[in-house]
Amino acid sequence: MTDYESLIPAVKAVTAQCPHFIANLANTSALIWEYMDDLNWAGFYLMQDGKLVLGPFQGKVACTEIEVGSGVCGTAVATGETQLVADVHQFEGHIACDSASNSEIVVPLRRSGLVFGVLDIDSPSLGRFTEEDKVQLEKLAEVLQDNL
Ligand code: SME
């Protein structure tokens, strides 16, 4: 179980005192990597010219561009809803950036109601992410959005 009672305040503390957007995303990916176990990738994709472009992350080299509506990340943008995927191999159109990934959660990030990017977290274990992770990571996204 992730200690969200420590992780979310840590994200708040680190980002509240820093006015730099990319620095805040980079440090948030580092905190997620530190506090959550059983991950192989954690980071951000940001909307740029109508597509998702790779942002700060922890893990292996990843795809640099994702179309809205494509893969798990693009679906999160298209629907505006968190995507909780227990088995990425069953998700039609899943983009396998890292072949180690077996489950994934993608949370949309919003500013003034508009999705400007996503938080993407991957695990080598099937079914790694729960409804509780979804609730807590949506809270983390809210704290982060307020400090960007
Ligand atoms: N699997 C994602 C692509 C990004 S990587 O997981 C880092 C997707 O299907 O959108």
Side-chain angles (χ1 to χ4, degrees), residues 1-4 7-8 10-12 14-15 18 20-145 147-148:
M1 273 290 285
T2 301
D3 179 6
Y4 287 106
L7 171 58
I8 294 175
V11 168
K12 192 171 186 173
V14 164
T15 57
C18 173
H20 305 297
F21 180 83
I22 294 293
N24 282 335
L25 296 181
N27 272 336
T28 299
S29 69
L31 284 169
I32 290 170
W33 195 250
E34 185 182 331
Y35 278 85
M36 294 183 77
D37 59 13
D38 199 18
L39 304 184
N40 60 296
W41 204 90
F44 297 91
Y45 279 89
L46 301 169
M47 288 300 295
Q48 203 175 302
D49 301 328
K51 288 179 200 166
L52 285 168
V53 177
L54 182 64
F57 69 96
Q58 308 277 311
K60 288 188 184 165
V61 166
C63 353
T64 53
E65 292 186 359
I66 298 174
E67 300 288 340
V68 171
S70 263
V72 186
C73 292
T75 301
V77 175
T79 60
E81 300 284 336
T82 296
Q83 303 296 303
L84 177 55
V85 183
D87 180 355
V88 295
H89 309 290
Q90 305 298 322
F91 188 98
E92 208 180 313
H94 165 253
I95 301 162
C97 285
D98 182 347
S99 60
S101 299
N102 279 314
S103 61
E104 180 165 3
I105 186 165
V106 179
V107 181
L109 301 173
R110 286 189 176 76
R111 183 178 285 153
S112 309
L114 287 177
V115 177
F116 68 88
V118 297
L119 165 61
D120 179 16
I121 308 178
D122 291 33
S123 171
S125 297
L126 288 166
R128 159 68 180 79
F129 305 103
T130 62
E131 279 298 324
E132 176 63 8
D133 289 306
K134 175 177 183 284
V135 168
Q136 296 296 338
L137 291 169
E138 287 176 347
K139 271 190 207 162
L140 185 153
E142 270 175 38
V143 164
L144 177 61
Q145 285 155 200
N147 288 328
L148 289 176

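Whatever order the structure lists ligands and atoms in, that order sets their numbers, starting from 1.
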Discussion item. Which option wins on minimum heavy-atom distance to atom 1 (N) of ligand 1: I95, I121, V106?
Written reply: I95
Worksheet item: Is it true that F57 lies under 4.0 Å from ligand 1, counting heavy atoms only?
Response: no
Worksheet item: Can you tell me if S101 and D98 form a side-chain donor-acceptor pair at under 3.5 Å?
Response: no
Discussion item. Using modelled atom types and a 3.5 Å cut-off, is there a donor and acceptor pairing between side-chain atoms of Q145 and backbone atoms of R110?
Written reply: yes
Response to the item:
CG of L119 to CG of L140, rounded to nearest 0.5 Å, is 7.0 Å
Worksheet item: Hey, is F91 touching ligand 1 through its side chain, its backbone, both or neither, going by heavy atoms under 4.0 Å?
Response: neither
Fill in: Distance filter under 4.0 Å to Y45 heavy atoms, resulting ligand 1 atoms
4 (C), 7 (C)
Fill in: Residue among D3, L31, L137 satisfying side-chain contact (heavy atoms from CB on, under 4.5 Å) with M36
L137
Discussion item. If the cut-off is 4.0 Å to any non-hydrogen atom of C73, which atoms of ligand 1 fall inside it?
Written reply: 8 (C), 10 (O)
Practice prompt. Report the part of D120 (side chain from C-beta onward, or backbone N, CA, C, O) that has a heavy atom under 4.0 Å from ligand 1; answer both or neither where that applies.
Written response: side chain
Item to complete: Check the angle between the aromatic planes of F116 and F21 and answer parallel, tilted or perpendicular using the 30° and 60° thresholds.
Response: tilted
Discussion item. One thing to verify: whether R128 and D87 come together as a salt bridge, which I'm taking to mean a side-chain N less than 4.0 angstrom from a carboxylate O.
Written reply: no
Practice prompt. Measure the distance from atom 2 (C) of ligand 1 to every protein heavy atom, then report the residue, atom name and distance (to 0.1 Å) of the closest one.
Written response: E104 OE2, 3.1 Å
Discussion item. Quick check on contacts: which atoms of ligand 1 are under 4.0 angstrom from a heavy atom of G71?
Written reply: 9 (O), 10 (O)
Worksheet item: Without hydrogens or angle criteria, can the side chains of T82 and E138 be said to hold a donor-acceptor pair below 3.5 Å?
Response: yes
Worksheet entry | Protein heavy-atom partner closest to atom 8 (C) of ligand 1 - residue, atom, separation in Å | V72 N, 3.3 Å
Practice prompt. Just let me know how D122 lines up against ligand 1, side chain, backbone, both or neither, with a heavy-atom cut-off below 4.0 Å.
Written response: side chain
Item to complete: Run the numbers for me: atoms of ligand 1, each under 4.0 Å from some heavy atom of H94, listed by number.
Response: 1 (N), 9 (O)
Worksheet item: Would you say the side-chain atoms of N102 pair up with the backbone N or O of P124, donor to acceptor, closer than 3.5 Å?
Response: yes
